[in-house]
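Presented below is the structure to which this report refers.
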Amino acid sequence: TGTTRPQRLLRAVQERATRGDSESVIAAIDHFCRHQEWAMNVGDEKGFILDSVVSEVSPQTALELGTYCGYSTVRIARLLPPGGHLITLEFNPNYAAVARQVIAWAGLEDMVQVVEGASGDWIPHLREHFGIESFDFVFLDHWKELYLPDIKLLEECGLLRKGTVLLADNVICPGTPDYLEYVRKSQSYESHYFGSHLEYTRAEDGLEKSVYLG
Ligand SMILES: O=C(NC/C=C/[C@H]1O[C@@H](n2cnc3cncnc32)[C@H](O)[C@@H]1O)c1cc([N+](=O)[O-])cc(O)c1O
Ligand SMILES: [Mg+2]
């Protein structure tokens with residue numbers, strides 16, 4: 001018994017961050033991960049790259065695969081344009097519960113929908129369930145072996161349009177070799193690698209940005 005790491009991360013947010021201040025929520029989580037316990041959030045260095053891509057796309061519709069504690073959810077949602085909406089899929093109900101509270105503490109609950117369940121089960125139902133025509137932006141940060149099957153499913157379900165931007169975390173560490181090969185070889189994608197470091201460490205990691213060409 002006792003608390004889980006996500007619950008301790010949430011407590012750090014509630015103790016250190018100001019309600020409604022998304023920047024202070026992000027800072028509180030980064031502080032917790034640097035000084036208390038490492039956790040698999042995209043982090044501040046890769047988060048800065050995520051911020052720049054989200055700002056450039058300025059998505060009306062965004063999808064995140066793998067919410068975990070909601071750190072990248074907050075980073076994305078705080079940069080959405082007016083009317084923008086983010087759907088984030090999370091398999092683990094305990095993580096989803098923590099993420100909802102982190103997102104609420106940041107005051108972003110109106111722009112975000114945390115959907116509990118497996119990406120492979122939910123993707124085929126996003127259109128009918130949420131009235132989504134297609135996504136402007138997709139952030140991939142769930143199990144690394146699901147990146148490739150899930151973008152193929154997004155393609156098949158017609159949820160990508162000419163210009164949809166995919167941004168994938170951890171393409172070096174832990175690594176997503178089959179996904180990388182696919183987006184870099186496929187005529188349907190224009191890909192670019194942003195080199196960085198594994199969150200809160202000096203290990204190499206990076207983000208792959210892939211624009212769907214239709
Ligand atoms: O393993 C990593 N991430 C996996 C992330 C997994 C998260 O996505 C959910 N999920 C999984 N399949 C799902 C399917 N559908 C919905 N949620 C799902 C899991 O319940 C978890 O909340 C990782 C590991 C390291 N690392 O250094 O080892 C660093 C990172 O940045 C990482 O992202
Ligand atoms: Mg990650």
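Just so you know, ligand 1 is whichever comes first in the structure, and atom 1 is the first atom listed for that ligand. Worth saying up front: this structure is predicted, and the values here are computed from it rather than measured.
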What one should report as the nearest heavy-atom pair of G47 and R75 is O-NE, 3.4 Å

With a cut-off of 2.8 Å, does M40 put an N/O/S atom close enough to the Mg ion (ligand 2)?
no

What about H142 and Y147, are their ring centers closer than 6.0 Å?
yes

What residue and heavy atom of the protein are closest to atom 8 (O) of ligand 1, and at what distance?
G66 CA, 3.4 Å

Near A118, which atoms of ligand 1 are under 4.0 Å from a heavy atom of that residue?
15 (N)

So for W143 against ligand 1, with non-hydrogen atoms under 4.0 Å, the contacting part is both

Ligand 1 contact on L198 by region, counting heavy-atom pairs under 4.0 Å:
side chain

Relative to ligand 1, is L146 under 4.0 angstrom through side chain, backbone, both or neither, heavy atoms considered?
side chain

Going by distance only, is there an N or O of W38 that falls short of 3.5 Å from an N or O of ligand 1?
no

If you measure from atom 2 (C) of ligand 1 to every heavy atom of K144, E145, E116, H142, which option wins on shortest distance?
K144

Distance-minimising heavy-atom pair for Y200 and G43
OH-CA, 3.6 Å

Ligand 1 contact by G117, heavy-atom criterion under 4.0 angstrom:
yes

Check: E90 main-chain N/O paired with W122 side-chain donor or acceptor under 3.5 Å
no

Any nitrogen or oxygen of N170 lying under 3.5 Å from a nitrogen or oxygen in ligand 1? Just yes or no.
yes

With heavy-atom distances below 4.0 Å as the criterion, list the atoms of ligand 1 near N92.
20 (O)

Between E208 and R184, does at least one N-O distance fall below 4.0 Å, as a salt bridge requires?
yes

To the nearest 0.5 Å, how far apart are CG in L166 and CG in D150?
11.0 Å

Check this for me: does any side-chain nitrogen of one of R78 and E23 sit under 4.0 Å from a carboxylate oxygen of the other?
yes

Counting only heavy atoms not in E145, do more than 12 sit closer than 6.0 Å to its CD atom?
yes

Which atoms of ligand 1 have any heavy atom of D169 under 4.0 Å away?
31 (O)

Contact partition for Y200 relative to ligand 1, non-hydrogen atoms under 4.0 Å
neither

Salt bridge (charged side-chain N to carboxylate O under 4.0 Å, His left out) partner of D169, the single match among K209, K46, K144:
K46

Counting heavy atoms only, which part of S119 comes closer than 4.0 Å to ligand 1: side chain, backbone, both or neither?
both

So which protein heavy atom does atom 28 (O) of ligand 1 come closest to, and at what separation?
P174 CG, 3.7 Å

Starting from atom 18 (C) of ligand 1, which protein heavy atom do you reach first, and at what distance in Å?
F91 CB, 3.6 Å

Would you say D169 has an N, O or S atom lying under 2.8 Å from the Mg ion (ligand 2)?
yes

Tell me whether C173 has any N or O atom under 3.5 angstrom from an N or O of ligand 1.
no

For the CG atom of L153 and the OG atom of S119, what is their distance to the nearest 0.5 Å?
8.0 Å

Indicate yes or no for a side-chain donor-acceptor contact from T164 to the backbone of F135 under 3.5 Å, with no hydrogens or angles considered.
yes

Are H31 and H35, when compared by the centres of their aromatic rings, separated by less than 6.0 Å?
yes

Which bit of D141 gets closer than 4.0 Å to ligand 1, counting heavy atoms only: side chain, backbone, both or neither?
both

Check each atom of ligand 1 against the heavy atoms of Y68 and keep those under 4.0 Å away; list them by number with element.
22 (O)

Candidates E64, E199, K46, E90; heavy atom nearest atom 20 (O) of ligand 1 found on E90

Here the vertex angle at the Mg ion (ligand 2) for OD1 of N170 and OD1 of D141, given to 10°, is 90°

Does the distance from a Lys or Arg side-chain N to an Asp or Glu carboxylate O, for E199 and R34, drop under 4.0 Å?
no

